[in-house]
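Reckoned from all heavy atoms, side chains included, excluding hydrogens, waters and symmetry mates.
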Protein chains: 2
Amino acid sequence: MPKASPQSNNASPTDEPASQNEAVQEWELSVIETFVHAAQLIGVPKSVGQIYGLLYCRENPLPMDHIMDALGISKGSASMGLKTLRQIGAVKTVFVIGDRRDHYSPELRLRKLVSGFISDQVQPHLDSGGERLKHMESLLEELPGDRRKFAEQRIQSLGSWHGKMTTILPILRKLL
Amino acid sequence: MPKASPQSNNASPTDEPASQNEAVQEWELSVIETFVHAAQLIGVPKSVGQIYGLLYCRENPLPMDHIMDALGISKGSASMGLKTLRQIGAVKTVFVIGDRRDHYSPELRLRKLVSGFISDQVQPHLDSGGERLKHMESLLEELPGDRRKFAEQRIQSLGSWHGKMTTILPILRKLL
DNA sequence: AAAAAAGTTCAAGTTTTCTTGAACTTTAGG
DNA sequence: CCTAAAGTTCAAGAAAACTTGAACTTTTTT
């Protein structure tokens with residue numbers, strides 16, 4: 001049992017509170033838990049949800065070592081989690097004078113979060129789907145006439161789904 | 001190597017085509033692959049995507065054993081995959097006269113698919129999130145005054161996200 | 001009723017994904 | 001420059017998720 005996990009401990013104020021004394025409060029635990037659930041829903045690692053959740057609860061930007069200590073996660077996890085969060089635009093780096101460490105603050109605008117997630121995780125799938133559609137159409141040429149009509153219908157229907165998703169995403173980005 | 005998987009074989013027409021001779025054609029492979037990707041995006045098992053993809057390509061409802069043979073998956077996987085698909089309303093059971101087996105046909109309307117997925121996989125998360133929000137509000141009472149104001153702000157913001165998602169989902173269900 | 005077909009369930013095995021820790025790179029100060 | 005702090009990377013280990021296969025339940029046929 002190397003370190004108490006914020007998910008499982010009871011947040012008593014004197015629980016070996018990590019190097020910088022960044023004990024996690026009970027309401028924060030609850031927020032973090034919420035983001036861990038959300039992370040699982042959208043298919044990103046738990047640690048990413050934890051990190052974002054922690055930052056969301058803090059008024060000031062935190063450096064990576066505070067995050068590691070508060071959540072009891074490794075340097076590697078923290079680094080990769082922050083990388084993911086930066087990639088989707090869910091955190092930004094803040095420079096603090098007189099401190100070499102990068103500090104991180106969360107993006108608080110839902111629209112930005114959704115937008116970043118869509119560009120990074122959804123759009124690529126839609127694009128590769130478009131490629132596959134073209135490929136399918138080329139394969140249709142070689143089909144016997146009777147089965148071909150049916151296959152054409154289905155692939156056309158797939159195409160219309162693709163189109164709908166393509167129009168919906170930009171709307172979603174603005175709607176939130 | 002028990003059976004050739006539709007994902008990895010080259011679909012040559014005489015590849016040990018399964019008991020009922022339900023060889024999977026090349027365009028079908030491509031469609032199935034598309035649904036497997038989609039499945040991964042929305043966080044359901046690969047086999048679920050495979051099964052739906054196969055049904056999507058066939059004009060007539062298929063019984064479970066055809067599905068197993070065509071995809072080279074086990075009875076257990078097929079049964080559980082179909083269960084999931086029924087649950088989200090992505091397939092329906094069709095009774096064929098003179099055949100004891102259940103046959104399955106795919107739901108083809110995007111709106112129904114999205115709607116079923118949302119009710120089954122997203123709504124529960126939103127609901128439990130609502131619960132956690134209430135819990136957080138109760139925890140706030142016990143906070144020292146200075147930190148409390150900030151915590152209240154954040155939790156209120158979380159609440160507004162929750163509200164936005166709650167209003168967006170029904171819109172999405174209709175928009176597609 | 002017995003037997004067989006269809007379908008479900010679940011423990012065990014497999015595969016995939018996430019986390020860790022140590023080595024490595026980079027940057028800042030002395 | 002040299003040293004140390006900060007951060008990244010990645011191979012190996014741990015954990016989670018999926019699949020399998022066999023036992024079990026239900027339903028139908030003889």
Considering non-hydrogen atoms only, spot the tightest contact between A:Gly53 and A:Phe35 and give its length.
CA-CD1, 3.5 Å
By nearest atom, which of the nucleotides D:dT19, D:dA6, C:dT8 is closest to the A:Arg101 side chain?
D:dA6
Nearest listed nucleotide, side chain of A:Pro45, among D:dT8, D:dT19, C:dC18:
C:dC18
So, A:Thr166 side chain and A:His162 main chain: donor-acceptor pair closer than 3.5 Å or not?
yes
Is there a donor and acceptor pair, one atom on the side chain of A:Arg100 and one on the base of C:dT27, closer than 3.5 Å?
yes
For the helix from C:dA1-D:dT30 to C:dG30-D:dC1, what angle separates the axis at the start from the axis at the finish, each from five pairs, in steps of 10°?
10°
Donor-acceptor contact below 3.5 Å, side chain B:Ser79 vs main chain B:Gly76
no
Return yes if some donor-acceptor pair links the side-chain N/O of A:Ser160 with the main-chain N/O of A:Gln156 below 3.5 Å, else return no.
no
Under 4.0 Å between a side-chain N or O of A:Ser77 and OP1 or OP2 of C:dT20?
yes
Starting at atom CG of A:Asp65, determine the distance to atom P of C:dG21, rounded to an integer number of angstrom.
16 Å
Does C:dT8 have OP1 or OP2 sitting under 4.0 Å from an N or O in the side chain of B:Ser79?
yes
Return the value, rounded to whole Å, for the distance between atom CG of A:Asp102 and atom P of C:dA28.
10 Å
Find the distance B:Ile73:CD1 to C:dT14:C1' and express it as a whole number of Å.
16 Å
Measure from CE on B:Met64 to P on C:dT8 and round the result to the nearest Å.
6 Å
Expressed in angstrom and rounded to an integer, what is the separation of A:His66 atom NE2 from D:dA6 atom P?
10 Å
Using the closest heavy atom to pick a nucleotide of DNA chain C for each, name whichever of B:Lys83 or A:Ser47 lands nearer the 5' end.
B:Lys83
In whole angstrom, give the distance that lies between atom CG of B:Leu41 and atom P of C:dT17.
14 Å
Could you give the distance from CZ (B:Arg58) to NE2 (B:His103), rounded to the nearest 0.5 Å?
12.5 Å
Say whether, by atom type as modelled, one donor and one acceptor occur between the side chain of A:Ser119 and the main chain of A:Ser115 under 3.5 angstrom.
yes
Basic-acidic side-chain contact under 4.0 Å: A:Arg154, B:Glu59:
no
Taking the side chain of A:Lys75 as its heavy atoms from C-beta onward, which of C:dT27, D:dT8, C:dG7 lies nearest to it?
D:dT8
Send over the distance from A:Ile42 CD1 to C:dT17 C1', rounded to a whole Å.
16 Å
Between A:Met68 (CE) and D:dA6 (C1'), how many Å, whole number?
11 Å
